[in-house]
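Notes to accompany the following structure.
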Number of protein chains: 2
Amino acid sequence: MTLPNRILVTAMVTRLSGEDGVVNQAIMDRYVRFAKGEAGLIVVEATAVHRSKSGPLLRLCDDEFIPGHREMLKRMRAAGPSKVALQIIHFLKIARSGWRQTVDMLSRDEITQIAQAYGEAAARVREAGYDAVELHMAHAYTLSSFLSARNKRRDEYGGRSLEARLRLPSEALLRVREKVGADFPVGIRFDGEECIKGGYGLADSKYIALRFAQLGADYLSLSAGGKFEDAVKKENEPLYPYTGYSGDRTMPPASYQDGANLYLAEGLKSFINAHGYHTSVVTTGKITTPKMAEEILARGQADGVGFARALLADPDWPRKARLGRVAAIIRCIYGNLCKNLDENFKQVRCGSLWPREYLHAPEAPDDADPPVWPLSGAALTAKLNENGQVRLTWRAALDPQGVYGYEIFRAVNAGPFVHLTSSMTPSHVDEYALAGNRYSFFVRAYDFAGNRSTVSNTATIDIDPGFAVPADKTITLNGQVEAEKGYAA
Amino acid sequence: MTLPNRILVTAMVTRLSGEDGVVNQAIMDRYVRFAKGEAGLIVVEATAVHRSKSGPLLRLCDDEFIPGHREMLKRMRAAGPSKVALQIIHFLKIARSGWRQTVDMLSRDEITQIAQAYGEAAARVREAGYDAVELHMAHAYTLSSFLSARNKRRDEYGGRSLEARLRLPSEALLRVREKVGADFPVGIRFDGEECIKGGYGLADSKYIALRFAQLGADYLSLSAGGKFEDAVKKENEPLYPYTGYSGDRTMPPASYQDGANLYLAEGLKSFINAHGYHTSVVTTGKITTPKMAEEILARGQADGVGFARALLADPDWPRKARLGRVAAIIRCIYGNLCKNLDENFKQVRCGSLWPREYLHAPEAPDDADPPVWPLSGAALTAKLNENGQVRLTWRAALDPQGVYGYEIFRAVNAGPFVHLTSSMTPSHVDEYALAGNRYSFFVRAYDFAGNRSTVSNTATIDIDPGFAVPADKTITLNGQVEAEKGYAA
């Protein structure tokens, strides 16, 4: 399988399916929208291999589910050049009471059935016409719980040795290979680090990767965290595995550094490479710009770069990058409203950047006219409030085809302007203004086609140095670090 | 202040003090032992700036505590060339019930007193004859809780802006500077990442570092985690802040990759450097070998390399590195028994490597005779047990001055032998043996002077490939990655 580029849409829950688990119109629309954007590989959301009650999640536990996938694939292939994989998943039972089934409760028969269900579902993935199948072994789900350092079984599938923890995941992979044949790509998504107390880290996951490479997996896609063990229980709701610290690590919020989980792909890839295996390794987790993605590939830290939230926010990211229209990318602000929607059992969309009435990313391919400011200008102002925050406000821009949002740029002292965040509404609060510095801001409106308005007036604010900077110190902030982010203003 | 080398003993709780908070014989012995080892800077354990009931922890809230420190310093300086800093700390109240005081409960007067207490204690640090003072702003303690993204105050010292979270830590630093003068080195230890849900990460800590640099701190020593927010409550015991995931990140156990927190020092140093500040940055967290430490310095990832557990295990690490006797270093196995002792309110020692009767690291400077194997040999055997683990056993070595322990080396397939772990007793269980591979082991005994025995016989075990390696795959494990660890066999 040769991908048109090394960009992956990694599997994301959408909650767009009905309770019946079949591909419906909303699901098709979501993935056709991704296909228009030209990502190299689109991994369609986790689809259950078993009949378990699963809420609005896709299922592939029977041949009757195949036609919907076939139809979706036909439409996706008409829309763009992306290859398409389906992620398949097994999960254990959870109850509103807080009770959850754990791997140590499973009988040997049930374990055998899990490997078998993966094999049969994978055969259906091939039958449906997908280019590849991805086995979900990450986060809080069954195979990940077998891999876990907190697997409590005491038999050959249990926690006393890495070999035992690897047994069912290995069996599932081999059963899948047996069913799909040697020529069908099989990927595995698993945690490079569990990010929970007593969980495994890179010291284990490098061996897990080596085993999967030895068993002939075609790619390894790394995630992190997303475990039940540190999840926060809400009354009368089943436990949601992305509510603890480990959930933050799966989808690092804005407060995390870019590429927060990159060390996992890098460490694991160098390990398997040193052992003679060259299975493709995919990294994910707050990779922000085409420049950053390029550098990761150029440095050999990973073979592919995966995005979930960034491509949800703008499915056209890969196409815009190919066309050199990087400035037209609608930039994810890592506000995790998408995650909150999932957590609250609602249909997943970009709540930070899409206008409320859109279920999918807006588009307007024929709109060549950028938004404009009112005749009286943007009138951007920056005021320090009593909490030490800088509050920005400006006038709404105008565009007959609709204004999508505003990009906010900031310069510190004599440094360059760099993109700080984006907002759908004409205001923003900057909580990172420190005493003794001068901050300058401008904003720019953009529309559904990605056209940009002219920049607003610049608003500048000097924060009283107070105690923060002794008189004998000169501040020489030059913004170099932020300027490296790779999005030109 | 010029250090004899860039190795730091970072502050470690010892629980060796009495309830009276004065320097006693055990404390003196512990730090004199470190001084013999020649670390560049020894940071003596967290010492309370206030009168709060603190268990067996040092205090410096009054001049009466100074003479003990003066005496200890005299003895340390007689023992070796190390510079010596004292870490000073303020902590809030905790109760066995689980109740704990949080920063939002403090009155403005109490806040002012905290900055003042830091200033006064710092003056006593200088008065006692220390070379530097280090302000504890990491983990679960007062100033760290002000810096925290989970600071719940709503005033100028509160969580609504980074400036407000920085206010008290900044005031404490300025008050300390005012009291100790411009020429006395002031370091700050703080978390590069809180490692809790909703905690701050590098995105915030780079600004925190910049502020401390702007205020004239002389070094920044990075830690991670160690928070109350994810600590596990034990019945009838006050909450201990290193029992959750964030505690694992403070003292990464064996299952973590080497240098697990290095990205924090690296990210933050490059940020402040880019902004024109060159305050020394110290990294810590599972830095395992002199080679690794050298590389960190050579690459410019940090200006100093700190060790807690590794230098607890072997205080002579710096001296041995200087003398090129790297193979004689007693290697920390990151078993965290030291942490468990602290957690259980016991005197802290190396429970993994020191014979039970030793309160401090054993030494035998005049012993030139290595341990020997019994005439019948070591008789090392390796057996696979039913859990998929390899169980090693061998005969005890002999040494009239005592055997300290055994180093265990492992080779995978045709790869080189590398140090796997160490053990005080003649047995070990390897949980990382994977099907389809050949594992070879040898062991070597060492004594209190670091003399090594000859190597034992080699025990080899082939693990049945079973399903793990399809017939068409060749295993080419070459051990390259482990071989880079830098400890020659």
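In what follows, chains are A, B, ... by sequence order, proteins preceding strands, each numbered from 1. Side chains included, hydrogens not; waters and symmetry mates left out as well; all remaining heavy atoms used.
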Checking B/Arg175 now: which residues fulfil salt bridge (charged side-chain N to carboxylate O under 4.0 Å, His left out) with it, not counting sequence neighbours?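 Per chain and number, B/Arg175 pairs via salt bridge (charged side-chain N to carboxylate O under 4.0 Å, His left out) with B/Glu178.
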
Approximate separation, where rounding is to 0.5 Å, of [X] [atom1] and [Y] [atom2]:
X        : Y        : atom1 : atom2 : answer
B/Asn437 : A/Leu210 : CG    : CG    : 7.0 Å
A/Ser161 : B/Leu434 : OG    : CG    : 8.5 Å
B/Arg160 : A/Glu431 : CZ    : CD    : 9.5 Å
B/Lys197 : A/Asp230 : NZ    : CG    : 9.0 Å
A/Asp204 : B/Tyr256 : CG    : OH    : 10.5 Å

Among A/Gly199, A/Ala260, A/Ala433, A/Cys195, residue most engaged with chain B (heavy-atom pairs, under 4.5 Å):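 Maximum pair count with chain B is reached by A/Cys195.
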
Under the side-chain contact (heavy atoms from CB on, under 4.5 Å) rule, collect the residues that match up with A/Leu384, sequence neighbours excluded.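 Residues passing side-chain contact (heavy atoms from CB on, under 4.5 Å) with A/Leu384: A/Val390, A/Ile461, A/Ile463.
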
Write down the atom of A/Ser255, the atom of B/Ala203, and the distance for their closest heavy-atom approach.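 Here A/Ser255 and B/Ala203 meet closest at O-CB, 3.1 Å.
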
Parallel, tilted or perpendicular, as decided by the 30° and 60° cut-offs, for the rings of A/Tyr432 and B/Tyr207: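 It falls in the tilted class, 30° to 60°.
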
Contact listing (chain B partner; residues 244-252 of chain A; heavy atom under 4.5 Å):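 From residues 244-252 of chain A, the residues near chain B are A/Gly244, A/Tyr245, A/Asp248, A/Arg249.
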
Any residues in residues 146-156 of chain A near chain B, with a heavy-atom distance under 4.5 Å, and which are they?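 So the qualifying residues are A/Arg154.
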
Which bit of [X] comes within less than 4.5 Å of chain B, counting heavy atoms only: side chain, backbone, both or neither?
X        : value
A/Ser205 : neither
A/Glu193 : side chain
A/Ala254 : backbone

Any side-chain to backbone donor/acceptor pair from A/Gln257 onto B/Gly267? Under 3.5 Å, distance only.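 Not a single qualifying donor-acceptor pair exists.
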
Between B/Val232, B/Asn387, B/Leu202, which has the largest tally of heavy atom pairs under 4.5 Å with chain A?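 Between B/Val232, B/Asn387, B/Leu202, the count favours B/Asn387.
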
